[in-house]
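Let me begin by presenting the structure, written as structure tokens, before commenting on it.
Remember, it's a predicted structure, so these values are computed and weren't measured experimentally. For ligands, and for the atoms within them, numbers begin at 1 and follow the listed sequence.
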Amino acid sequence: MWRALCEHAIGAVVAAATLSLGWAAPTPPPSPTPELYSPQTVSELKKLEHAALTSDYGWRQVAHLANNIGPRLSGSAQAQKAVEYVAVELKALGLEVQLEKVMVPHWVRGDETASLVQFPGQAPGTTQKVVLTALGGSVATPPDGLTAEVAVVRDFDELKSLGKEKIGGRIVVFNYAFDRRMAEQGWGGEAYGEAVVYRSDAPSAAARLGAVAVLIRSVGNAAYRLPHTGLTTYAADAPKIPAAALAEEDADLIAALVPQGAVRLHLVLTPKELPDAVSYNVIADLKGSEHPEQVVIVSGHLDSWDLGTGAIDDGAGVAVAMEAAHLVRQLGLRPRRTIRVIAWMNEENGLRGGETYAAEHASDIGNQFAAIETDGGAGHPLGIYIAGQPGLRTILQPIANVLRDSGAGLLDFRDEVGADIDPLAKLGVPNFSPIQDSRFYFNYHHTAADTLDKIDRHELAENAAINAVLSYGLANLEQPLPQ
Ligand SMILES: [Zn+2]
């Protein structure tokens with residue numbers, strides 16, 4: 001599709017150049033390059049950007065999700081309340097709302113305590129408290145807990161080198177550090193990517209060698225003795241053992257004591273895995289005037305972890321997607337293609353929402369024009385990440401030029417830009433997300449400190465501006481996107 005357009009364009013340029021030699025043509029030649037956005041669309045994009053930066057609609061939405069509803073783990077009463085709330089709000093904007101049924105895991109956190117009951121230099125009759133939180137999906141210890149000697153490893157290679165003899169019967173601590181300097185340079189997502197493999201894979205790796213439980217060093221930045229939860233995944237070929245994340249300080253403490261002599265830890269985790277629950281993606285359409293069947297998705301995920309109130313992860317993403325539709329309505333604009341707001345369910349511990357949507361739309365994938373997701377908090381955006389064909393850069397350049405006014409004019413490519421929309425990317429749908437300041441996001445990510453105060457209103461509005469300008473621009477693009 002893209003190649004054909006290019007060749008057509010080159011032909012038009014040559015024809016125009018030939019016509020202009022020698023004499024003046026009686027009528028102006030056709031535009032030598034295919035138009036991407038009409039002058040009217042460009043002027044509307046500028047209006048949307050300005051309106052976004054002064055609107056507080058998105059702020060009020062994330063404030064309600066975080067403060068009034070609270071944590072929204074899949075299967076919880078709060079997740080259901082959030083589905084109903086967002087559906088009502090989007091109906092009030094005049095959008096056509098449908099709920100797409102999704103069966104979601106229903107994991108519930110229980111007690112989670114731990115203490116060192118034996119360690120070098122211990123005062124008689126004392127223990128040392130250890131701060132941790134169960135990883136999502138973890139199985140429980142016996143109700144009274146379990147006690148075992150601790151082994152500390154940095155990574156999978158060290159685990160293997162110790163082997164069954166030194167791992168069997170032990171609680172294994174994986175002390176792999178999130179790269180703080182990387183995050184401080186603005187590469188928070190990349191630092192997360194390097195360390196998160198221990199959260200997902202360490203329990204099964206250690207269980208294969210006979211470990212009785214796994215504690216990972218929290219995957220996150222900052223050190224205020226806050227543990228970071230997140231999903232772990234059990235492999236089919238390994239026993240399921242309890243798994244938790246230690247606060248960074250407690251990982252350091254254990255790593256300091258173990259070389260001095262035997263350390264034994266008592267661990268109590270009592271989470272429960274209940275039967276899968278019925279939940280929903282909230283899907284709301286602002287119908288297109290010319291191609292209502294073609295949809296531009298603008299989205300965030302509605303579920304959150306249970307420790308905080310899900311403000312930055314990802315109430316903010318849902319709020320800025322809702323704001324995009326709100327602004328288009330407020331300015332009285334009618335997009336040519338449909339702008340579809342989606343609040344995804346179950347990004348955090350199953351991705352069932354994104355996978356269900358992609359499966360249900362695989363047969364009309366050609367009408368899934370583009371998908372945008374915001375899921376990196378609410379920090380200042382620098383531009384737009386693209387996952388798709390290289391030709392998308394040229395098509396997005398006029399949009400980037402509009403966003404440059406608020407410092408968000410950068411375009412950059414990534415293999416994956418949003419977990420919920422990635423199943424669509426794998427079917428060829430171009431994916432986009434704001435490039436957000438990631439220096440501080442992983443201080444709070446998946447902790448009890450993911451709360452509303454971490455969001456700067458102006459930066460949230462800047463993210464809303466990207467969602468509004470990008471979704472409306474794509475909805476009014478004068479040509480197809482390369483898939
Ligand atoms: Zn998220």
Side-chain angles (χ1 to χ4, degrees), residues 58 61-62 65-66 69-74 76 78-79 82-83 86 102 104-105 107 135-137 178 183 188-193 195-196 199-200 218-221 228-233 245 279 281-282 297-322 342-355 357 371-379 381 385 387 414 416-425 431-438 440-452 454-455 460 463 467:
Q61 297 306 329
V62 66
L65 289 171
I69 297 177
R72 304 175 297 280
L73 190 56
S74 289
S76 67
Q78 295 103 316
V83 164
V86 170
V102 181
V104 295
W107 180 86
L135 294 181
F178 176 92
E190 286 74 6
Y192 180 69
V196 76
R199 194 186 76 207
S200 56
S218 278
V219 183
N221 204 359
H228 298 237
T229 192
L231 185 65
T232 194
T233 312
S279 192
N281 291 327
V282 183
I297 293 168
V298 56
S299 66
H301 68 83
L302 197 47
D303 64 306
S304 77
W305 279 108
D306 54 338
L307 299 176
T309 59
I312 59 170
D313 189 12
D314 183 30
V318 171
V320 294
M322 294 170 77
I342 303 185
W344 304 103
M345 184 50 64
N346 190 225
E347 189 277 340
E348 294 293 1
N349 60 335
L351 212 62
R352 303 271 181 90
E355 285 173 353
Y357 183 91
I372 306 162
E373 180 167 26
T374 305
D375 186 18
Y385 277 135
R414 285 289 182 278
E416 187 195 320
V417 301
D420 298 287
I421 57 175
D422 192 55
L424 291 171
N431 274 10
F432 306 96
S433 77
I435 303 172
Q436 297 172 292
D437 182 346
S438 63
F440 312 110
Y441 181 64
F442 293 98
N443 293 359
Y444 313 116
H445 179 254
H446 296 185
T447 73
D450 176 358
T451 47
L452 187 66
K454 306 309 182 303
I455 297 179
L460 182 78
N463 284 291
N467 273 258

Problem set entry | Under 2.8 Å: N/O/S of D313 next to the Zn ion (ligand 1) |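 Yes, since at least one N, O or S atom of D313 sits under 2.8 Å from the Zn ion (ligand 1).
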
Exercise. So, is D314 placed with an N/O/S atom under 2.8 Å from the Zn ion (ligand 1), counting both backbone and side chain?
Worked result: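 Of the N, O and S atoms in D314, none lies under 2.8 Å from the Zn ion (ligand 1), which means no.
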
Exercise. Which N, O or S atom name in H301 marks its closest approach to the Zn ion (ligand 1)?
Worked result: NE2

For this session: Considering just N/O/S atoms, say which atom of D375 is closest to the Zn ion (ligand 1).
Result: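 Considering only N, O and S atoms, D375 comes nearest to the Zn ion (ligand 1) through OD1.
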
Exercise. How would you list, by chain and number, every residue that makes a salt bridge (Lys or Arg N to Asp or Glu O under 4.0 Å) with E190, sequence neighbours excluded?
Worked result: R414

For this session: Please assess D420 against I342 for the test side chain to side chain contact (heavy atoms under 4.5 Å, CB included), listing each intermediate value before the final yes or no.
Result: CA-CA 10 Å; D420 298 287; I342 303 185; over 6 Å; no

For this session: Please list all pairs passing the salt bridge (Lys or Arg N to Asp or Glu O under 4.0 Å) test where one or both residues lie in residues 298-307, with sequence neighbours left out.
Result: R109-D306

Exercise. Pick from L65, T374, D375: which one makes a side chain to side chain contact (heavy atoms under 4.5 Å, CB included) with V318?
Worked result: L65

